[in-house]
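Worksheet for the structure shown next.
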Amino acid sequence: MPLKVRGLLLDVQGTLVTRGEGGKTVLIGGKRLLQVARSKGIGIRVLTNASKGSSSVLSELVGLGLDLREGEVITSAELTAAYLRDRIGKARVWVLGEPELAEVLRSYGHEIVEDGPDAVVVGLDKNITYEKLNRALHFLRRGAMLVGCHASRRIPGASGETVSVGPIVKALEYASEKRAVVIGKPSKIIFRAALRDLRLRAEEVAMVSDELRSDLAPAKSLGMKTVLTLTGVSSREDVRRLGVEPDLIVENVDELADHV
């Protein structure tokens with residue numbers, strides 16, 4: 001079935017790459033799809049909830065052999081930094097997350113502080129503690145805004161799933177009685193940013209992902225076409241169970257090259 005699109009939005013984990021033994025990133029596919037898409041003038045944007053800059057993600061994917069170019073990767077970390085810049089200007093930020101997230105925020109002119117922040121920004125923190133959560137609550141109860149880089153539920157890994165950023169954002173919302181602004185997937189903010197970047201309408205673009213709920217459902221609600229790849233967390237049974245019906249289901253992302 002031809003999709004007849006002018007743009008493709010590609011998820012990363014579970015779609016283009018997976019985690020192998022020892023946490024090593026392994027390529028699933030994408031080389032053929034990118035080659036065919038470029039030959040047909042189809043715009044490409046990679047959408048990732050990574051808490052680091054686009055250049056870092058681009059370098060990793062290019063190193064795996066994918067023909068991606070500057071400006072084709074959109075990360076939730078950079079969109080979060082841009083959102084704060086547009087909303088506040090130079091913001092004072094307390095970060096619940098990894099050092100890479102703080103570096104992205106600094107690169108956009110924000111100040112990383114230990115007291116009196118304008119915003120608490122929540123990303124992935126593998127060393128989260130009860131003390132850190134209480135500090136975040138302290139700042140939120142004193143007026144700081146709550147910003148989630150994204151709100152994914154779980155992170156798949158070789159040794160099983162782990163808690164992602166979404167549950168932490170939800171915990172802080174519940175404790176502080178504040179509504180978080182979520183930037184990355186499943187928020188529509190990141191999808192709308194990609195459409196603006198491509199200068200295309202939703203109906204001209206397809207979202208390609210292994211995630212039904214966090215990626216394909218919000219894209220579909222905006223009017224995009226959706227493609228489920230069966231190399232990650234979602235299965236055909238999940239399609240029936242969740243009631244999220246993609247326009248196309250493929251075994252591997254490169255199979256999509258036959259439909260664009």
Minimum-distance pair of heavy atoms, taken over all atoms of V250 and L256: CG1-N, 4.2 Å

Distance from K170 atom NZ to I168 atom CD1, nearest 0.5 Å? 13.5 Å

Under a 4.5 Å side-chain heavy-atom rule over Ile, Leu, Val, Met, Phe, Trp and Tyr, are L79 and L200 clustered together? yes

Using modelled atom types and a 3.5 Å cut-off, is there a donor and acceptor pairing between side-chain atoms of E78 and backbone atoms of T75? no

Charged N to carboxylate O below 4.0 Å: is that the case for R135 and E114? yes

Test side chain to side chain contact (heavy atoms under 4.5 Å, CB included) on L133 and I128; report intermediate values, then the result. CA-CA 8 Å; L133 288 171; I128 193 168; 3.8 Å; yes

Check whether any side-chain heavy atom of V95 lies under 4.5 Å from a side-chain heavy atom of V120, and answer yes or no. no

So, S164 side chain and G166 main chain: donor-acceptor pair closer than 3.5 Å or not? no

Just do the salt bridge (Lys or Arg N to Asp or Glu O under 4.0 Å) check on K52 and E100 with the steps written out, would you? CA-CA 5 Å; K52 51 189 175 183; E100 292 91 343; over 6 Å; no

Are any non-hydrogen side-chain atoms of V205 and V5 less than 4.5 angstrom apart? no

If we ignore hydrogens and angles and just use 3.5 Å, is the side chain of H110 paired with the main-chain N or O of L105 as donor and acceptor? no

Taking the side chain as every heavy atom from C-beta outward, state whether Y83 and V181 have any pair of such atoms under 4.5 Å apart. yes

Run E60 and T25 through side-chain hydrogen bond (donor to acceptor under 3.5 Å, both in side chains) and show every step you take. CA-CA 9 Å; E60 182 176 1; T25 301; 3.0 Å; yes

Electrostatic pair D258:R32 at N-O distance under 4.0 angstrom: yes

I44 and side chain to side chain contact (heavy atoms under 4.5 Å, CB included): which partner among V73, L9, L10? L10

Same cluster or not: V169 versus F139, using hydrophobic residues (I, L, V, M, F, W, Y) connected whenever any side-chain heavy atoms lie under 4.5 Å apart? yes

Are D11 and K185 within salt-bridge range, i.e. N to O under 4.0 Å? yes

Under 3.5 Å: donor-acceptor pair, side chain of E173, backbone of A180: yes

Backbone N/O of S76 and side chain of T80: donor-acceptor pair under 3.5 Å: yes

Answer yes or no: is there a side-chain heavy-atom contact under 4.5 Å between V93 and D118? no

How about CD on E237, more than 12 heavy atoms from neighbouring residues, nucleotides or ligands closer than 6.0 Å, or not? yes

Taking it one step at a time, do R213 and R153 satisfy side chain to side chain contact (heavy atoms under 4.5 Å, CB included)? CA-CA 10 Å; R213 282 193 291 197; R153 291 177 171 85; 3.8 Å; yes

Closest contact, heavy atoms only, F191 versus L47: CD2-CD1, 4.0 Å

Rounded to the nearest 0.5 Å, the OG1 atom of T231 sits from the CG atom of N252 at a distance of 6.0 Å

Would one find more than 12 heavy atoms of other residues, nucleotides or ligands at under 6.0 Å from atom CZ of R141? no

Less than 4.5 Å apart, any side-chain heavy atom of M207 and any of L216? yes

Determine yes or no for a side-chain-to-main-chain donor-acceptor pair under 3.5 angstrom, with N49 supplying the side chain and H150 the backbone. no

Between D67 and R38 (salt bridge meaning N to carboxylate O under 4.0 Å), is one present in this structure? yes

Shortest non-hydrogen contact from G7 to L198? CA-CD1, 4.5 Å

Measure the spacing between CG of D247 and NE2 of H259 and express it to the nearest 0.5 Å. 12.0 Å

Are the side chain of R45 and the backbone N or O of I74 linked by a donor-acceptor pair below 3.5 Å? no

I190 and G184: which non-hydrogen atoms are nearest, and at how many Å? CG2-C, 3.9 Å

Rounded to the nearest 0.5 Å, what separates atom CG in L66 from atom CG in L27? 5.0 Å

Transitively linked via ILVMFWY side-chain contacts under 4.5 Å: V208 with I249? no

Working to the nearest 0.5 angstrom, can you tell me the gap between L101 CG and D125 CG? 10.0 Å

Cluster question for you: counting only ILVMFWY and a side-chain heavy-atom cut-off of under 4.5 Å, with indirect links fine, are L146 and W94 together? yes

Which heavy atom in A206 sits nearest to a heavy atom in L3, and how many Å separate them? CB-CD1, 4.2 Å

Residue pair L64 / V17, side-chain heavy-atom distance below 4.5 Å: yes

Answer yes or no: is there an ion pair linking E72 with R69, defined by an N-O contact shorter than 4.0 Å? no

Is there a path of hydrophobic side-chain contacts, each under 4.5 Å between heavy atoms of I/L/V/M/F/W/Y residues, joining V113 to V147? no

To check you understand the geometry: which heavy-atom pair defines the closest contact between T226 and P246, and what is its length? OG1-CA, 3.3 Å

Taking side chain as C-beta onward, heavy atoms only, is R92 less than 4.5 Å from I112? no

Any donor-acceptor pair under 3.5 Å from Q35 side chain to K31 backbone: no

Is it the case that H138 and R142 place a side-chain donor and acceptor less than 3.5 Å from each other? yes

Quick one: do V121 and C149 satisfy side chain to side chain contact (heavy atoms under 4.5 Å, CB included)? Show the steps, please. CA-CA 7 Å; V121 173; C149 273; 4.0 Å; yes

Is any side-chain N of the basic residue among K220 and E203 closer than 4.0 Å to the acidic one's carboxylate O? no

Is it the case that the side chain of K132 and the backbone of N127 share a donor-acceptor pair, with hydrogens and angles ignored and the cut-off at 3.5 Å? yes

For D238 and S235, indicate whether the former's side chain and the latter's backbone hold a donor-acceptor pair under 3.5 Å. yes

If you define the side chain from C-beta out and look only at heavy atoms, does anything of L34 sit under 4.5 Å from L68? yes

With rounding to the nearest 0.5 Å, note down the distance linking OG1 in T15 to CG in D215. 7.0 Å

Ignoring hydrogens and geometry beyond distance, is a side-chain donor-acceptor pair present between S234 and E211 at under 3.5 Å? no

Pair L195, M224 - check side chain to side chain contact (heavy atoms under 4.5 Å, CB included), show working. CA-CA 10 Å; L195 291 175; M224 295 185 205; 3.7 Å; yes

